[in-house]
Amino acid sequence: MPELPEVETIRRTLIEHVKDLKIEGIKLIWPSAVCGWEDKAFEDLVTGRRIRTIDRRGKYLLIRLDEDLTLIAHMRMTGRLNYYPDLREPEKHTHVVFRLEHGEVHFSDVRKFGRIQAIPTPLCFSGSSLGKLGPEPLEADFTPAVLKDRFGKKKVFLKAALLDQTVLAGMGNIYVDESLFLAGLSPDRRVDTLSEEEFSKLHQAIQSVLQAGIDAQGTSFRDYRDANGEKGMFEEDLQVYGRGGKPCHVCGQTLERVRLAGRTTVYCARCQR
DNA sequence: ACTAACCTGTAA
DNA sequence: TTACAGGTTAGT
């Protein structure tokens, strides 16, 4: 579920509650949600440390604890990290409970795809798939030239290239489709056919769609919620995602719904070339 | 470069 | 009952 704007929103809403709080205990309700350690070892490793900061890289959250320990969390499709100021019973799909000095953080995930990994901070990038991620699309050093360079000699569809986390970190099915609409580019264009002007338009579209997503606190098309359990507002601004068969907001033509790179893809055949 | 697998829930 | 869902990875 969560793509870059949703993960960033979780990061922001979580850290304001948990900064510098000590983790006093862990409850592993479904231990498979935690990887890299035996249950007891994970509990011992994490218990007693304080949460200092939370970083984000692509769709990964990096929860930095004392003494160079990092919890790498990925929500995949339906994962949530909820902060509660009080103690409460875990819900049906809650897999891990972090008991803090004040309140609790619950990791929940209906589909059980999400994972939390504990890793010494210096090993973060070598010891996980984080090391292979492409650039951060909202950082200042991400330019049209960098985008072109990341596509390299590939000949794949734009849709596939933008979903590839090693090309660019953080885009998923919603924001790829929205970016391509805003850029006026068809998802089945091959990446090696773009002009300089089209690279610029795509770069601009990616940055403005992702920033708008963050500003709206994410898209709650289905399950997504932030750390306070709040929905995001970006669904109201979606131009194509989830709108297959409906009229294009710009030209009125019926939006196409096809399968590309294994994912449902919606676009306007008139506005996107 | 596509498909299956990992899971559960919801809607058609 | 079947298809499909904001993701990733491992297999043809």
| field | Euclidean distance for P, C:dG11 against B:dC7 (whole angstrom) | value | 16 Å
| said: Looking only at side-chain N and O atoms, does A:Arg64 offer a donor or acceptor that is under 3.5 Å from a partner on A:Thr53? | reply: no
| note | A:Tyr175 atom OH is separated from C:dG7 atom P, nearest whole Å, by 11 Å
| message | Students often get this wrong, so: under 4.0 angstrom with heavy atoms, is A:Arg259 touching a base, only sugar-phosphate, or nothing? | response | sugar-phosphate
| request: Would you mind classifying the nucleic acid contact of A:Lys92 as base, sugar-phosphate or nothing, using non-hydrogen atoms under 4.0 angstrom? | output: sugar-phosphate
| field | Residue mapping more 5' on DNA chain B - nearest nucleotide basis, A:Arg115 or A:Gly262 | value | A:Gly262
| request: Send over the distance from A:Arg111 CZ to C:dC4 P, rounded to a whole Å. | output: 13 Å
| Atom-pair distance (CG on A:Leu4; P on C:dG7), nearest Å | 12 Å
| said: Without decimals, in angstroms, what is the distance between A:Ile174 CD1 and C:dA5 C1'? | reply: 10 Å
| Whole-Å C1' distance, C:dG6 and B:dA1 | 23 Å
| field | Inter-nucleotide P distance (B:dG9, C:dT9), Å rounded | value | 25 Å
| field | Nearest-nucleotide comparison on DNA chain B, the residue closer to the 5′ end among A:Val156 and A:Trp30 | value | A:Val156
| Presence of A:Gln165 side-chain N/O under 4.0 Å of C:dG7 phosphate oxygens OP1/OP2 | no
| said: Whether the A:Asn228 and A:Thr13 side chains hold a donor-acceptor pair (N or O, under 3.5 Å, no angle test) is what I'd like checked. | reply: no
| message | Using a heavy-atom cut-off of 4.0 Å across all strands, would you classify A:Gly172 as base, sugar-phosphate, or nothing? | response | sugar-phosphate
| Are A:Lys59 and C:dG7 close enough that a side-chain N or O sits under 4.0 Å from OP1 or OP2? | yes
| query | CZ of A:Arg189 to CZ of A:Phe157: how many Å apart, nearest 0.5 Å? | reply | 12.0 Å
| query | Looking at A:Tyr241, does any N or O in its side chain come under 4.0 Å of the phosphate oxygens OP1/OP2 on C:dG6? | reply | yes
| task | Decide whether a cation-pi geometry holds between A:Arg88 and A:Tyr84; the criteria are a distance under 6.0 Å from NZ or CZ to the six-membered ring centre and an angle within 45° of the ring axis. | result | yes
| note | In whole angstroms, the gap separating P of C:dG7 from CG of A:Asp109 amounts to 13 Å
| field | Range on DNA chain B touched by chain A, heavy atoms, distance below 4.0 Å | value | B:dA1 to B:dG9
| query | With a 3.5 Å cut-off and no angle check, do the side chains of A:Tyr175 and A:Glu6 form a donor-acceptor pair? | reply | yes
| Pairwise distance CD(A:Glu3) to CG(A:Asn173) - rounded to 0.5 angstrom | 7.0 Å
| Test: A:Lys22 and A:Glu101 ion pair at under 4.0 Å | no
| How close or far is atom P of C:dT8 from atom OH of A:Tyr60, stated in whole angstroms? | 6 Å
| Rounded distance in Å - CE (A:Met77) to P (C:dT9) | 14 Å
| task | Mind calculating the distance between CG (A:Asp226) and C1' (C:dG6) to the nearest angstrom? | result | 15 Å
| request: Return no unless some side-chain N or O of A:Thr78 is found under 4.0 Å from OP1 or OP2 of C:dA5. | output: no
| request: With sequence neighbours excluded, give me every salt bridge (charged side-chain N to carboxylate O under 4.0 Å, His left out) pair touching residues 37-47 of chain A. | output: A:Lys40-A:Asp44
| request: May I ask you to decide whether A:Lys201 forms a salt bridge with A:Glu198, counting only side-chain N to carboxylate O separations under 4.0 Å? | output: no
| task | Would you check if A:Phe221 stacks with the base of C:dG6, given a 5.5 Å centroid limit and a 30° plane limit, both strict? | result | no
| remark: Each base of DNA chain C marked ( ) or [ ] if paired in-strand (Watson-Crick or G-U under 3.5 Å), | if paired to another strand and . if unpaired gives |||||.||||||
| message | As a test of the definition: with a 90° window around 0 for syn, would you call B:dG9 syn or anti? | response | anti
| message | Ignoring hydrogens and geometry beyond distance, is a side-chain donor-acceptor pair present between A:Thr265 and A:Lys159 at under 3.5 Å? | response | yes
| request: Tell me yes or no: between the side chains of A:His106 and A:Glu104, is some donor less than 3.5 Å from an acceptor? | output: yes
